[in-house]
Amino acid sequence: MKTEPVRTLPVLDVSLCLSAGQTFGWKKHKDDWLGADGESLYILNQMTMGDAKKLVENPAVFKLFGLSDFDRNERLLKLGPELEPMLCSLQGLRLMSLEGTVQSLFSFLCTPNNNIKRIEQMVTSLFSFGVQKTIENSHVQVFPCLERLAEVSEIHLRQLKFGYRARNIPVVAKELLARGGVRYLDQVKSATYQDVLPQLLSLQGVGPKLADCIALFSFGKSEAAPFDVHMWRAYKKLYGVAVDEPLTQKQYQKAGEHMRHRFGLDAGAAHQFIYCYEMMKDNPAAKNRSADSAT
DNA sequence: TGTTTACCTGTAAA
DNA sequence: ATTTACAGGTAAA
């Protein structure tokens, strides 16, 4: 008699997911993570899925962390056995599916030539322009709408230490409004990866890397594989590219295509494991930001 | 078309 | 104590 394989829910490491460069602006409050994605507010506790009944029962959380994809890791391992160390040591890592397209886009506008700590500060500054809401007696800001972002001045953002990125925030907000605002973004979101890319690239301050981040995390284009300096370093080691090879526009294109050829629609998830494994090597403590935030 | 260069700010090395 | 390098890149030269 054939026995059905036991379908256990994937393990979820909330801290790891929220600290993996997919989303910004979440705050650790005691054992919980507080934050917003689009119009939804979340209080997420750091437990594995097996234990956290509240998380399992919440459909929004289920979707946010892509938990319906039960056997993605098995699939990845089959497509790329070289990912075994990453998949083993990052079992709770999930590719997130973010609802807030405006939030995601403007968060990534803060990231170029920057470091995590300052990016978090800048995104928090952007959240401060948003409306405050309440969840279980806690106050959480919702990310500001395009109209609000469009009226924030570059001067003000420079005072908030945005540097040269200050210019892009109101410019891109106005440009998006001119294109139809949220309706336009929804329309872009429903297009294919190949069609989404040029539309994102036409925005000031959005280059190939940001376009891939936005496409992957917020527009659901799971074949996108963003290459930053860390991902490129990890990729070179993994696939035998010379260590001194710089990440040119050409190499960016080539590496992305290789990822898509090897992993197909799982290229984005594969990227996330490779990237995150490389980051953990540099700073294993990033996994437990709870320890840091106490200081 | 493909390669350099400047860009705000903060922090860790040199 | 100062200077330099560089960090989830991009755009312009």
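Numbered from 1 within each chain, the chains take letters A, B, ... in sequence-line order. It should be emphasised that the depicted structure is a prediction, and the values quoted were computed from it without experimental measurement.
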Whole-angstrom distance between C/dG9 and B/dG2, as gauged at atom P: 22 Å
Sugar-phosphate only, base, or nothing, as touched by A/Arg165 at under 4.0 Å among non-hydrogen atoms: base
Integer-rounded Å distance: C/dG9 C1' and A/Leu200 CG: 15 Å
Under-4.0 Å salt bridge between A/Glu120 and A/Lys117: no
Base-paired stems in DNA chain B, each at least three Watson-Crick or G-U pairs under 3.5 Å: B:3-7 with C:9-13, B:9-14 with C:2-7
Sugar-phosphate only, base, or nothing, as touched by A/Lys209 at under 4.0 Å among non-hydrogen atoms: base
Residue whose closest nucleotide on DNA chain C lies nearer the 5' end, A/Leu203 versus A/Tyr275: A/Tyr275
Side chain to side chain donor-acceptor pair (under 3.5 Å) partners for A/Gln121, two or more places apart: none
Pairs meeting criterion salt bridge (Lys or Arg N to Asp or Glu O under 4.0 Å) with involvement of residues 228-256 of chain A, two or more places apart: A/Arg233-A/Glu278, A/Arg233-A/Asp282, A/Lys237-A/Glu278
Under-4.0 Å salt bridge between A/Arg72 and A/Asp266: no
Listed once per pair and sorted, the ring pair (Phe, Tyr, Trp, His ring centres under 6.0 Å) pairs that draw on residues 150-181 of chain A, sequence neighbours left out: A/Phe129-A/His156
Atom-to-atom span, NE2 of A/His271 to C1' of C/dG8 - whole angstrom: 9 Å
Interface limits on DNA chain B, where chain A has a heavy atom under 4.0 Å of a nucleotide atom: B/dC7 to B/dT11
C1'-based separation of B/dT1 from C/dA11 [nearest Å]: 16 Å
Spacing of A/Phe24 atom CZ relative to C/dG8 atom C1', expressed in whole Å: 7 Å
For atom CE of A/Met122 and atom P of C/dA7, their distance in whole Å: 17 Å
Span that lies between the P atom of C/dA5 and that of B/dT5, in whole angstrom: 13 Å
Check: A/Lys221 side chain, A/Ala191 main-chain N or O, donor-acceptor pair, under 3.5 Å: yes
Touch class at under 4.0 angstrom, heavy-atom based, for A/Leu109 against every strand present: nothing
Sugar-phosphate only, base, or nothing, as touched by A/Leu247 at under 4.0 Å among non-hydrogen atoms: nothing
A/Ile116 CD1 to C/dA7 P, straight-line distance once rounded to whole Å: 12 Å
Given A/Leu95, A/Leu44, A/Leu93, the one that forms side-chain contact (heavy atoms from CB on, under 4.5 Å) with A/Phe65: A/Leu44
A/Thr248 or A/Asn113, whichever maps to the more 5' nucleotide of DNA chain B: A/Thr248
Base C/dG9 paired with A/Tyr164 side chain (donor-acceptor, <3.5 Å): yes
Base orientation of B/dG10, syn vs anti, 90° cut from 0: anti
Whole-Å gap separating P (C/dG8) and CD (A/Glu120): 12 Å
Sugar-phosphate only, base, or nothing, as touched by A/Ala20 at under 4.0 Å among non-hydrogen atoms: base
Salt-bridge present (A/Arg94, A/Asp69; N to O < 4.0 Å): no
A/Ser104 side chain to A/Thr101 backbone, donor-acceptor under 3.5 Å: no
Atom-to-atom span, NE2 of A/His230 to C1' of C/dG9 - whole angstrom: 12 Å
5' priority, DNA chain C, between A/Cys213 and A/Val206 [closest heavy atom]: A/Cys213
Touch class at under 4.0 angstrom, heavy-atom based, for A/Pro226 against every strand present: nothing
P spacing across the pair B/dC8 / C/dA13, given as an integer number of angstrom: 15 Å
Sequence neighbours excluded - salt bridge (Lys or Arg N to Asp or Glu O under 4.0 Å) pairs with any residue from residues 59-68 of chain A: A/Lys63-A/Glu99
Sugar-phosphate, base or nothing in reach of A/Phe108, heavy atoms under 4.0 Å: nothing
Whole-Å distance separating the CG atom of A/Asn114 from the C1' atom of C/dA5: 15 Å
salt_bridge(A/Glu74, A/Lys78) N-O dist < 4.0 Å: no
Atom P, compared across B/dT4 and C/dG8: separation rounded to whole Å: 23 Å
